[in-house]
Number of protein chains: 2
Amino acid sequence: MPRQARPDDGQPRPSTIRDVARHAGVSVATVSRILSGTYPSAPATRTKVMKAVRELDYVANAHARGLAGVRPKSVAIVVNSVVSPHYAHVAQGVQDQAVREGRLCIVGTTGGDPEHELATVQLMREEHAEAVILVGNIVADDAYRERMADYARALALAGSQLVLCGRPPLGDDVPAVVVEYDNVGGAHAITSHLLSAGHKRILFLGRYDGYSTPDSRLAGYRRALADHRVPHDPGLEVQGRMQRSAGYRMMIERLDAGPRDFTAVFAANDQIAAGARAALRERGLRVPDDVSLVGFDDLSPAEDIDLTTVHVPHEELGRTAVRLALGSEKPGTAQHVLLGTHIIVRDSVRPYLDR
Amino acid sequence: MPRQARPDDGQPRPSTIRDVARHAGVSVATVSRILSGTYPSAPATRTKVMKAVRELDYVANAHARGLAGVRPKSVAIVVNSVVSPHYAHVAQGVQDQAVREGRLCIVGTTGGDPEHELATVQLMREEHAEAVILVGNIVADDAYRERMADYARALALAGSQLVLCGRPPLGDDVPAVVVEYDNVGGAHAITSHLLSAGHKRILFLGRYDGYSTPDSRLAGYRRALADHRVPHDPGLEVQGRMQRSAGYRMMIERLDAGPRDFTAVFAANDQIAAGARAALRERGLRVPDDVSLVGFDDLSPAEDIDLTTVHVPHEELGRTAVRLALGSEKPGTAQHVLLGTHIIVRDSVRPYLDR
DNA sequence: CTGTTAGCGCTTTCAA
DNA sequence: TTGAAAGCGCTAACAG
């Protein structure tokens with residue numbers, strides 16, 4: 001007996017469009033048309049059908065609908081993790097815009113593992129997401145570029161659109177939308193803020209070579225130094241991940257290694273800043289009286305620790321990504337948007353009077 | 001001309017199982033069997049098919065597969081918002097466990113609006129999610145109970161499972177899994193902590209009647225007071241939402257309304273605590289020297305402001321929800337789990353010496 | 001305005 | 001071990 005014969009074994013099952021049609025005494029096509037609301041129909045029929053729908057508690061089967069050629073209404077977002085505030089805010093932006101455009105949102109996490117990322121993108125491809133949004137900084141080596149380009153092409157082939165959010169572009173021949181924000185500009189601005197206050201020895205916390213985000217922030221820092229004709233001391237660039245614990249560790253080690261040779265600190269993000277601040281306090285140094293401190297992101301702890309930082313339009317990033325992806329008439333288009341960043345001045349910087 | 005005739009208009013399209021079959025010189029059934037790996041097959045055929053798959057860059061169509069009767073491998077999570085740290089952490093837990101069990105994760109947000117929630121659950125039903133996880137506190141009135149019960153039954157009918165995460169149970173006859181954490185116990189413990197330190201006038205910040213989470217925390221507070229034979233003053237319970245800004249506002253208003261009539265503050269969550277702390281500082285009061293302060297959740301700002309608080313197993317909540325939902329052999333089962341909470345002592349409480 | 005019907009791409013009998 | 005064919009639930013020609 002074929003599986004499909006489905007003997008009436010008493011097991012109730014969700015009702016189908018056929019059940020509704022039978023119940024209302026019309027054809028399935030009529031039900032389909034009335035539900036999609038794209039065709040005119042007799043009010044009486046309409047009423048009958050809606051009544052049947054309600055009585056049978058019918059919901060359409062999204063798989064069947066997707067199969068039958070209707071563009072599946074969903075966008076996918078792939079992030080390293082949802083708990084990181086930056087990703088969470090971007091994800092929120094994606095969500096908002098997706099809902100506004102009547103789309104479902106699928107979220108995948110990779111934990112920062114490229115292999116896992118590949119698998120996740122594959123999965124999204126199976127699901128026929130209208131757009132796949134990759135967010136987060138990564139190692140920008142050649143292998144990566146190659147793979148991304150392949151994703152983009154495969155997605156374009158399937159009528160979908162790859163979006164790189166907060167990642168560097170891949171080149172004009174790759175059909176991907178890129179939505180970035182101005183890391184270099186923000187870092188330049190906040191370093192200048194410190195320099196204008198008289199600081200010349202500024203510790204950079206969170207250098208992480210090969211990763212696009214810290215790399216650009218470091219670049220902005222260096223450029224500001226150069227613009228202000230302040231000598232660049234590589235010894236002031238401390239390596240570390242972009243986490244609170246790393247910030248704490250970097251600062252403790254630096255302070256314990258010898259006499260303090262800096263008057264201000266630029267943390268590559270607010271979490272590092274929070275960790276560094278805890279370390280400073282532990283060693284009896286106050287912010288901003290003894291040491292000035294700035295961060296980057298304008299996220300969660302920033303306000304609580306009165307941190308002067310660079311505001312990043314996280315939600316806007318996500319919203320723009322969706323808008324661009326769905327807006328482009330032809331999927332597989334290359335576009336590039338750069339969102340601005342700006343300083344938020346709180347109370348973590350004091351002028352340094354050089355003598 | 002029927003849509004399906006699909007003239008070869010030069011538009012490349014994603015390859016189907018049929019393309020693979022043709023390319024490998026076998027039947028679609030063979031390809032299907034080899035890809036699912038559930039049937040024995042000749043090694044030579046296997047190789048041919050895998051080669052074709054690689055060459056054509058074939059990925060299966062999840063819709064078709066879903067339609068053909070394979071349980072769609074996805075769980076859905078519905079939250080108020082992903083940026084709220086609590087939801088983010090629960091979502092992360094759900095993600096983790098979902099991935100571990102080989103499932104895709106669909107995230108929907110409601111913005112706290114019941115109507116929107118209904119629509120979202122409906123959507124998840126269309127998608128045939130294996131489990132629908134609702135997280136977050138809500139108004140627990142009769143209309144809500146009714147609607148939830150309906151969800152649960154509809155989902156069960158479709159072979160799915162409703163999970164209520166951090167929400168009160170609905171009753172034994174409703175086929176839903178409930179995963180809660182001990183709000184009352186945690187609130188009781190931390191209030192006792194304050195009472196043991198000699199505080200008798202404890203301000204409760206964030207009463208919000210009708211919402212399950214603040215309600216239970218308030219209940220724990222009251223019970224601790226009663227257990228310690230400390231008179232209960234309703235005037236110490238301040239109404240407000242569970243947000244930083246509300247915490248700030250509540251505290252400012254209280255301080256400006258007259259002489260301070262409390263020595264300690266129990267904020268219904270860490271965000272309220274952070275806002276209240278900012279307000280206290282603004283009015284020249286230090287934590288913990290002048291006022292003791294505790295929170296609930298053990299999330300983001302808690303560590304940075306040295307807050308003694310109640311730890312909630314956020315991720316574990318999400319993981320348990322998925323495990324239970326997928327583990328129950330028969331969907332539509334009722335289960336109930338209560339996860340424990342415990343105090344994290346930092347540095348926001350000082351003994352109060354009563355005279 | 002409504003009914004009939006042919007697929008969408010896949011899995012799973014059944015037969016060989 | 002493999003192939004042929006039915007059918008999952010839905011939509012969109014096409015023909016009334």
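If you're wondering where the values come from, they're calculated on a predicted model, not measured in any experiment. In what follows, chains are A, B, ... by sequence order, proteins preceding strands, each numbered from 1.
Atom P of nucleotide C/dC8 and atom CZ of B/Arg65 are separated by 18 Å, given to the nearest angstrom. As a whole-Å value, the separation of B/His63 NE2 from C/dC8 C1' is 11 Å. Per the geometry, CD1 belonging to B/Ile17 stands 14 Å off C1' belonging to D/dA4, to the nearest Å. Here the P atom of nucleotide C/dG9 and the CD atom of A/Glu126 are 15 Å apart, to the nearest Å. What separates CG of B/Asn61 from P of C/dG7 is a distance of 18 Å, to the nearest Å.
For the OP1/OP2 pair of C/dC8 and a distance below 4.0 Å, the side-chain nitrogens and oxygens of B/Arg18 include at least one atom meeting the criterion. An OP1 or OP2 oxygen of C/dG3 is reached within less than 4.0 angstrom by a side-chain nitrogen or oxygen of A/Ser27.
DNA chain C lies under 4.0 Å from at least one heavy atom of each of the following residues of residues 28-37 of chain B: B/Ala29, B/Ser32, B/Arg33. Applying a 4.0 Å cut-off to non-hydrogen atoms, the residues of residues 43-59 of chain A that approach DNA chain D are A/Tyr58, listed by residue number.
Checked against side-chain contact (heavy atoms from CB on, under 4.5 Å), A/Ala321 has the following partners two or more places apart in sequence or in another chain: A/Ile133, A/Val163, A/Cys165, A/Val179. With sequence neighbours excluded, the residues that form a side-chain hydrogen bond (donor to acceptor under 3.5 Å, both in side chains) with A/Thr30 are A/Ser27. Every residue meeting the side-chain hydrogen bond (donor to acceptor under 3.5 Å, both in side chains) condition with A/Asp57, not counting sequence neighbours, appears here in chain and number order: B/Arg125. For A/Glu316, the salt bridge (Lys or Arg N to Asp or Glu O under 4.0 Å) partners at least two apart in sequence or on another chain are A/Arg319, A/Arg323. With sequence neighbours excluded, no residue forms a side-chain hydrogen bond (donor to acceptor under 3.5 Å, both in side chains) with A/His116. Take A/Ala62 and apply the side-chain contact (heavy atoms from CB on, under 4.5 Å) test, not counting sequence neighbours, and it matches B/Glu126, B/Glu127. Legend: residues meeting side-chain contact (heavy atoms from CB on, under 4.5 Å) with A/Leu56, ordered by chain and number and at least two apart, are A/Ser15, A/Asp19, A/Val20, A/His23. With sequence neighbours excluded, no residue forms a side-chain hydrogen bond (donor to acceptor under 3.5 Å, both in side chains) with B/Glu315. With sequence neighbours excluded, the residues forming a side-chain contact (heavy atoms from CB on, under 4.5 Å) with B/Ser32 are B/Ile17, listed by chain and number.
Of the candidates C/dC10, D/dC10, C/dG3, the closest approach to any side-chain atom of B/Ala64 belongs to C/dC10. Comparing C/dT2, D/dG9, D/dC8 against the side chain of B/Ala68 picks out D/dC8 as the nearest. Checked against D/dG9, D/dG3, C/dC10, the side chain of B/Leu67 finds its nearest nucleotide in D/dG9. Ranking C/dC10, D/dT1, C/dT4 by closeness to the B/Ala42 side chain, first place goes to D/dT1.
Between A/His63 and B/His128, the ring planes are perpendicular. Angles over 60° get that label, and only those under 30° would be called parallel.
Using a cutoff of 4.0 Å between basic side-chain nitrogens and carboxylate oxygens, B/Arg153 and B/Glu146 are not scored as salt-bridged.
Each end of the helix from C/dC1-D/dG16 to C/dA16-D/dT1 gets its own axis, taken as the rotation carrying the C1' atoms of four end pairs onto the next four within a five-pair window, and the two axes meet at 40° to the nearest 10 degrees.
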